[in-house]
Amino acid sequence: MTADQDIWLLITAHPDDESMFFTPTLRNLIHLDSKNERHNQKPNIQLLCLSNGDYRDVSDGPVRTKELYKACSLIGIDGHKTSDTASVIVLDDDRLKDGPNEVWNSDLIANTVLEHIQTILSSIQKQQSTQPQLNINIITFDQGGVSGHPNHVDAFRGITHFLHEKCHVVRGDDEKLLTRLKLTQQASSTVTNGQDSSNHTEINLRVLALKTISNPLHKYFLWIFVELLPALLIWLLQVLLYTIYLLLGGFLLNKNNIRSKSFSRMIPTSDGKQLRCRLFDPVLVWMAMAAHSSQFVWYRRLSVLFSRYTYLNDLYELEIDPSLLSEEEEDEDAFPPVKTIQEDTSSPKFLLSNGQMVALREAVLPIGLHHRPWKRIYSLSRDGDSFVSFEKHITNWNAKFGDSSTLLVVKTTKGEVIGGYADAIATSSPRPGTARSCLFRAEKDDTFTVYDGKQNSLGTFFEGSPHRMKSGGIEGSSKKILLDSTRRIIAFGGGLGMKSGDGFGLCLEDGFARGTTARCEAFCNEPLVEGNGGVFDVLDVEVYGFVFGQF
């Protein structure tokens, strides 16, 4: 039986991210793998840096790349090698330029990560005669980007897009959802008897995100008293008790089970979905950051001394979207599938499965649109998060088909799917909606709750079933769909302002980075997402139109 092989792939945005934010994680992984007796090999830790840090000047790229190799060597990762199997890879791609005003395409990042994993797999196959079961653990920023840098946030979006678009989900023996990545490897032998010599490799994959501490007071000061000092006191107590145990004969009684009581260690939760990595070695972090001499300015020196990320990393596993499970065979009595206009093969997959499209078609669209093919007018992951780009795609569609119905679909970073339908396309001037304007939310059991503000609301629609549940509403409420170029927002409904807490039923803002949802009397809806006061981070956005003249 072939043993599993764990690969830890850290994906950062810039040279120095690994030293400034991830050193506790890297040092604990090195210690963890060095203790692993299953493999007689060095720790398999990889680093992929998406840009070379040439924000100020193009000449900075090679300088910062060399600094990164030096810092990684100090931390304990193999530095620069003269082959394509280097453990540290720095990209120099004009499409992934360093800079707070640069927009990184999520699909480009997803393809880049896929190619890098393919390279890792090819290297392992060359080195080993038997193919082990690979378990790839990707470590990166979370949706807050740790420091809030737009490139960090884009890196998270790209990797989340990779998880959703390039991977598939299976249900394990214990009923847990597992993420798998299927890669095709071309064998070195030629085609024999007309059979393709390529083979497929299934890789287990998970993504761990570094938790953002957004409160600067806690990040640089309060954490010392709230987290570090209590942990140090508990550790000192454990060391004291262990010393007493040894003095009382524990060394002689149990000498084969003696282990070091180190403060620096990795502490997983009971379910294994969260990891806390502790490191009490500020000198090492200082030396690693000092290797980035071009970036080691005074405020970064202070950050190394006081930042929580110098001593503690909290990692959490990204939740798997159950909708990524392979769809079962459709029932013969099910509604006909939705036809979609074919796109280029490199385009990202639709946010909605065809079953979800059918559900929304039956619950939301007027009967006159049921036979119309769907056309994806705009996609955040495909077209970028520029509001100008969004307006251009909408304007072109409007010029071609006139004021026609559109469907907005939003996927949050927590995997929630929400959106709205309008019988007239959004414009810069608020326009009233009709009885067919509505908001909707996908439920966990693949049903959709629809809010249209009518007395006999469409309620909840189940995939493959025309059943609708009745819910209350208010006739004649003021509805409006707004696309505001000045404020760069898209908003559904504004309520009548008669009750406290009323607001936009659904609003996207901040370059589609985040949105809000609130109770809106126009649609009679509650907030479409749970918690956080209706505020959510956006993973992807799509707008669909319905093509006339094609059957």
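We're numbering straight along the sequence, starting at 1. The basis for the numbers below is simple: all heavy atoms, side chains too, and nothing from hydrogens, waters or symmetry mates.
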- Message: Walk me through whether Asn204 and Leu134 qualify under side-chain contact (heavy atoms from CB on, under 4.5 Å).
- Response: CA-CA 6 Å; Asn204 296 325; Leu134 295 183; over 6 Å; no
- Item | side-chain contact (heavy atoms from CB on, under 4.5 Å) evaluation trace for Arg157 with Trp104 | CA-CA 9 Å; Arg157 283 184 175 178; Trp104 291 359; over 6 Å; no
- Item | Stepwise side-chain contact (heavy atoms from CB on, under 4.5 Å) test for Ser147 and Phe21 | CA-CA 9 Å; Ser147 65; Phe21 306 116; 4.1 Å; yes
- Message: Run the side-chain contact (heavy atoms from CB on, under 4.5 Å) test on Ile11 and Leu50 for me, step by step, so that the C-alpha distance in whole Å, both residues' side-chain angles and the decisive distance to 0.1 Å come before the verdict.
- Response: CA-CA 7 Å; Ile11 300 179; Leu50 297 176; 4.0 Å; yes
- Message: Show, in sequence, the C-alpha distance, side-chain angles and deciding distance for Asn313 and Lys211, and conclude whether the side-chain hydrogen bond (donor to acceptor under 3.5 Å, both in side chains) test is met.
- Response: CA-CA 8 Å; Asn313 282 171; Lys211 182 179 179 181; over 6 Å; no
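Side-chain contact between Trp374 and Val547 is absent, with no heavy-atom pair separated by less than 4.5 Å. Looking at Leu91 and Cys49, their side chains never come closer than 4.5 Å, going by heavy atoms from C-beta outward. Considering only heavy atoms from C-beta on, Phe440 stays 4.5 Å or farther from Leu528 through its side chain. Contact annotation: the side chain of Arg519 never approaches that of Asn525 to less than 4.5 Å [non-hydrogen atoms, C-beta and beyond]. Counting heavy atoms from C-beta on, the side chains of Leu96 and Ile109 come closer than 4.5 Å. Contact of the Phe546 side chain with the Pro373 side chain is not registered, since no non-hydrogen atoms from C-beta on lie closer than 4.5 Å. Between Leu508 and Phe536, some side-chain heavy-atom pair lies under the 4.5 Å cut-off. Residues Leu10 and Ile139 form a side-chain contact, since some pair of their non-hydrogen atoms from C-beta on lies under 4.5 Å apart.
In this structure a side-chain-to-backbone donor-acceptor pair under 3.5 Å is missing from Thr212 to Ser214. With hydrogens and angles disregarded, a donor-acceptor distance shorter than 3.5 Å links the side chain of Tyr309 to the backbone of Ile213. Gln356 contributes a side-chain N or O that, together with a main-chain N or O of Ser353, makes up a donor-acceptor pair within less than 3.5 Å. Of the possible donor and acceptor atoms, one in the side chain of Ser51 sits under 3.5 Å from a partner among the backbone N and O of Ala13. A donor-acceptor pair is defined here as one N or O able to donate and one able to accept, closer than 3.5 Å; no such pair exists between the side chain of Thr412 and the backbone of Val538. No donor-acceptor distance shorter than 3.5 angstrom exists from the side chain of His149 to the backbone of Gly145, with no hydrogens or angles considered. Between the side chain of Asn105 and the backbone N or O of Ser381 there is at least one donor-acceptor pair closer than 3.5 Å. In this structure a side-chain-to-backbone donor-acceptor pair under 3.5 Å is missing from Gln295 to Asp16.
Heavy-atom minimum distance, Leu506 versus Gly420: CD2-N, 4.3 Å. For Ile377 against Ile394, the heavy-atom pair with the smallest separation is CG2-CD1, 4.2 Å. Considering every non-hydrogen atom in both Trp397 and Gly545, the closest pair reads CZ2-CA, 3.5 Å. Among all heavy-atom pairs drawn from Cys524 and Tyr451, the shortest one is O-CD2, 3.5 Å. Annotation for Val417 and Lys411: closest pair CG2-CG, 4.3 Å, computed over non-hydrogen atoms. Contact between Gly53 and Asp60 at its shortest, heavy atoms only, is O-CB, 4.1 Å.
Scanning for side-chain hydrogen bond (donor to acceptor under 3.5 Å, both in side chains) contacts around Glu509 gives an empty result, with sequence neighbours left out. Taking Tyr55 as the reference, Asp98, Pro100 meet the side chain to side chain contact (heavy atoms under 4.5 Å, CB included) condition, with sequence neighbours excluded.
Thr179 OG1 to His164 NE2: the interatomic distance, rounded to the nearest 0.5 Å, is 8.5 Å. Distance CZ/Arg376 to CG/Leu407: 13.0 Å, rounded to 0.5 Å. Within the model, atoms CG of Asp540 and OG of Ser379 stand 5.0 Å from one another, a figure rounded to the nearest 0.5 Å. The distance from atom NZ of Lys219 to atom CG of Asn215, rounded to the nearest 0.5 Å, is 9.0 Å. Atom CD of Gln46 is separated from atom OG1 of Thr119 by 10.0 Å, given to the nearest 0.5 angstrom. Interatomic distance, CG of Asn137 versus CG of Leu205, reported as 8.0 Å (0.5 Å rounding).
In the displayed structure, Glu530 atom CD is contacted under 6.0 Å by at most 12 heavy atoms of other residues, nucleotides or ligands.
Of the charged side-chain nitrogens involved, at least one lies within less than 4.0 Å of a carboxylate oxygen, so that Glu317 and Arg206 count as a salt-bridged pair. Of the charged side-chain nitrogens involved, none lies within less than 4.0 Å of a carboxylate oxygen, so that Asp54 and Arg64 do not count as a salt-bridged pair.
Ring orientation note: the planes of His152 and His14 are tilted relative to one another, at an angle of 30° to 60°. By the 30° and 60° cut-offs, the orientation of the rings of Phe512 relative to Phe387 is tilted.
Just one of Glu319, Gln143, Arg514 meets the side-chain contact (heavy atoms from CB on, under 4.5 Å) condition when paired with Thr413; it is Gln143.
Under the 6.0 Å cut-off for aromatic ring centres, Phe156 and Phe141 do not qualify, their centroids lying 6.0 Å or more apart. Taking the six-membered ring for Trp, Phe492 and Tyr421 have ring centres at least 6.0 Å apart.
For Lys166 and Asn111, the side-chain atoms include at least one donor-acceptor pair closer than 3.5 Å.
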